[in-house]
2 protein chains.
Amino acid sequence: MSSQPRKIENVAIIGLGLVGGSIGLAIAEHAPDITTKGYDADPKVRARANERGLAREVCETSSDAVNGADLVIFCVPVGKIAEAAADIAGSLGDDTIVSDVGSSKQSVARDLAAALSGQTIIPAHPVAGTEQSGPDAGFASLFENRWCILTPPESADEAAVTALSEFWESLGAKIEIMDAEHHDLVLAVTSHIPHLIAYTIVGTASDLEDVTRSEVIKYSAGGFRDFTRIAASDPTMWRDVFLSNKPAVLEMLGRFTEDLTALQRAIRRNDGEALFDLFTRTRAIRRSIIEQGQDDAAPDFGRDH
Amino acid sequence: MSSQPRKIENVAIIGLGLVGGSIGLAIAEHAPDITTKGYDADPKVRARANERGLAREVCETSSDAVNGADLVIFCVPVGKIAEAAADIAGSLGDDTIVSDVGSSKQSVARDLAAALSGQTIIPAHPVAGTEQSGPDAGFASLFENRWCILTPPESADEAAVTALSEFWESLGAKIEIMDAEHHDLVLAVTSHIPHLIAYTIVGTASDLEDVTRSEVIKYSAGGFRDFTRIAASDPTMWRDVFLSNKPAVLEMLGRFTEDLTALQRAIRRNDGEALFDLFTRTRAIRRSIIEQGQDDAAPDFGRDH
């Protein structure tokens with residue numbers, strides 16, 4: 001659909017945690033001509049957001065925050081999007097673009113379309129974050145050199161997609177456009193299953209009778225500590241991700257379990273060759289991730305030794 | 001068993017990769033009165049070890065390297081220890097302490113006792129490393145503030161245990177003494193299973209039909225890249241670890257799989273409460289690991305953003 005060029009001059013950020021706060025700080029640093037208004041359902045978060053300047057104006061209601069906005073970005077757990085969208089349904093301008101930052105996109109597209117029928121909706125997902133959460137966690141460079149995936153519906157206004165792309169590029173992100181179903185499959189393997197596995201092994205390690213928790217902590221430098229980082233991520237956000245992207249998560253989990261069972265069998269049968277072959281193949285992926293700037297080249301993630 | 005105090009003045013390092021090389025460099029930096037001789041089966045590694053000064057003298061045979069040594073440390077994959085020990089069997093002094101750095105301890109204890117009967121054998125495991133390997137990977141501070149586990153047999157000479165403990169402490173490590181069976185169980189959960197899971201998910205992600213390898217790499221910042229680090233570790237070393245610590249690895253893998261299946265069931269049944277409860281519990285472990293100096297407190301392992 002061709003359409004008039006759109007200009008994003010006023011952005012409303014709904015939810016002022018790690019990602020919402022980082023958007024506000026990144027706009028202030030990289031696109032200072034854009035005005036930001038922010039809202040968070042938690043009054044304590046609003047107070048702290050105000051102190052840190054996460055938005056130029058922190059509003060007392062989400063309706064106030066979206067008033068006059070060209071772009072509204074929901075930065076709340078995906079399980080809260082339907083309710084947050086319903087709250088602002090009457091307060092949007094006709095041309096306001098509605099977007100989000102959630103980790104699953106099919107459920108978000110459904111929820112936003114149901115609550116805000118007739119509005120221009122372009123779900124998005126910046127693939128960036130840390131294990132920290134809340135209004136103190138955000139920082140301006142979070143999106144630099146990270147991919148932001150847009151999943152516009154087929155009917156989406158082209159000018160709106162262009163405007164949203166340019167907005168994210170101005171914060172340092174690189175843009176990819178794909179359909180929501182494919183996004184959910186890709187992210188199941190690159191993000192959701194890794195989190196699920198990390199949460200599981202950290203749980204397994206805490207529940208052993210023969211190995212104490214203190215031992216697990218002391219000897220965590222043998223590999224375990226790498227998993228504890230993502231297992232310290234926000235519980236509400238991740239509960240919602242697994243429930244909202246259930247089919248893709250279960251599909252990928254099934255494949256992972258098959259592969260793990262094959263490896264278990266190789267160990268039981270002393271099949272060193274099968275182990276060696278896999279362990280050799282997996283090195284190449286790390287090399288590519290570093291070459292493409294998606295991770296630090298320094299050993300141990302550049303941890304201070 | 002009480003005994004004469006022992007003094008470690010001459011150390012032989014057999015195997016000059018990440019850990020062997022780091023021992024040599026750490027001695028040069030922290031205990032320069034100790035003389036080091038080194039050997040590696042690979043002539044290219046010996047040449048590079050010589051250039052980097054990983055040992056004061058790099059020898060052409062392992063017998064030459066252990067000649068006159070108070071302490072011999074095997075730093076080879078655990079599957080190679082029996083052969084490496086047999087090679088020096090005739091060249092050790094009566095009082096030479098024999099140790100190693102392997103990640104599984106029951107099999108090492110058996111192999112060393114079989115090859116070097118009558119010698120003072122004290123297996124050890126510094127819980128430290130990076131994903132890199134080879135003669136260029138080592139650095140002097142690798143063991144600082146890391147635990148080194150000693151697994152002396154019950155009959156071990158006390159003075160030898162004390163001397164080996166003091167040696168590792170002089171390189172910056174903290175000492176723990178436990179029996180080999182318990183070591184193998186603890187390390188199965190804090191190190192071996194994390195590596196096995198990481199290798200598996202990286203393999204799973206590379207073999208998908210519906211998600212390209214390029215997509216896996218691009219969106220790896222969503223969590224996956226954390227797993228690729230340890231899945232880039234040395235294939236020979238890790239093959240040997242899994243085969244040599246089979247019972248404990250299979251036991252812990254069984255527990256992990258049970259826990260993962262329970263989580264899978266919770267997702268399938270939309271049991272958000274079960275997910276939330278686990279995800280909340282796992283945060284505490286990360287906090288303790290950071291408090292006890294076993295990982296970086298900075299978000300994202302302190303990666304450069």
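Please read all numbers here as calculations on a predicted model, not as lab measurements. A note on names: the letters A, B, ... follow the listed sequences, proteins ahead of strands, and every chain is numbered from 1.
Between the CZ atom of B:Phe256 and the CD1 atom of A:Ile201 there is a distance of 6.0 Å, given to the nearest 0.5 Å. Summarising the geometry, atom CZ belonging to B:Phe279 is positioned 9.5 Å from atom CZ belonging to A:Arg239; distances are rounded to the nearest 0.5 Å. The line from CD of B:Gln294 to OG of A:Ser220 is 5.0 Å long, rounded to the nearest 0.5 Å. Here the CZ-CZ distance, from B:Phe276 to B:Arg281, works out to 13.0 Å after rounding to the nearest 0.5 Å.
Note: A:Arg229 leads A:Arg229, A:Lys246, A:Arg283 in heavy-atom pairs under 4.5 Å with chain B. Chain B forms more heavy-atom pairs under 4.5 Å with one residue of A:Gly79, A:Ala298, A:Ser288 than with any other, namely A:Ser288. Of the listed residues (B:Val216, B:Leu250, B:Ile230), the greatest number of heavy-atom pairs within a distance under 4.5 Å of chain A belongs to B:Leu250. Your options are A:Ile149, A:Val249, A:Thr257, A:Thr280, and the one with the most heavy-atom pairs under 4.5 Å with chain B is A:Ile149. Across B:Ile193, B:Leu196, B:Leu187, the residue that shares the most heavy-atom pairs under 4.5 angstrom with chain A is B:Leu196. Chain B forms the most heavy-atom pairs under 4.5 Å with one residue out of A:Ile285, A:Asp300, A:Val127, A:Val211, and that residue is A:Asp300. Among B:Arg146, B:Glu291, B:Arg268, the residue making the largest number of heavy-atom pairs under 4.5 Å with chain A is B:Arg268. Heavy-atom pairs under 4.5 Å with chain B were tallied for A:Asp226, A:Leu275, A:Ile197, A:Val189; the largest tally goes to A:Asp226. The most heavy-atom pairs under 4.5 Å with chain B, out of A:Thr282, A:Val202, A:Thr212, come from A:Thr282.
Closest of all the heavy-atom pairs between A:Val108 and A:Pro123 is CG1-CB, 4.3 Å. Closest of all the heavy-atom pairs between A:Val186 and B:Tyr219 is CG1-CD1, 3.6 Å.
Contacts between B:Thr236 and chain A at a heavy-atom distance below 4.5 Å involve backbone atoms as well as side-chain atoms. Residue contact with chain A, scored on non-hydrogen atoms closer than 4.5 Å, is absent for B:Arg287. If you measure heavy-atom distances from A:Gln264 to chain B, the contacts under 4.5 Å come from both the backbone and the side chain. For B:Ile289, the parts sitting under 4.5 Å from any heavy atom of chain A are the backbone and the side chain alike. Proximity to chain B (any heavy atom under 4.5 Å) is restricted, for A:Ala297, to the backbone atoms N, CA, C and O. Contacts of A:Leu185 with chain B are made by both backbone and side-chain atoms, with heavy-atom separations under 4.5 Å.
Taking 4.5 Å as the limit, some side-chain heavy atom of A:Asp295 sits within range of a side-chain heavy atom of B:Arg303. The shortest distance between side-chain heavy atoms of A:Val101 and A:His125 does not fall below 4.5 Å.
Ring geometry for A:Phe227 against B:Phe227 counts as perpendicular: the plane angle is over 60°, on a 0 to 90° scale with 30° as the lower cut. Between A:Trp238 and A:His195, the ring planes are parallel. Angles under 30° get that label, and only those over 60° would be called perpendicular.
The stretch residues 172-184 of chain B places B:Glu176, B:Met178, B:His182 near chain A, each with some heavy atom under 4.5 Å from a heavy atom of that chain.
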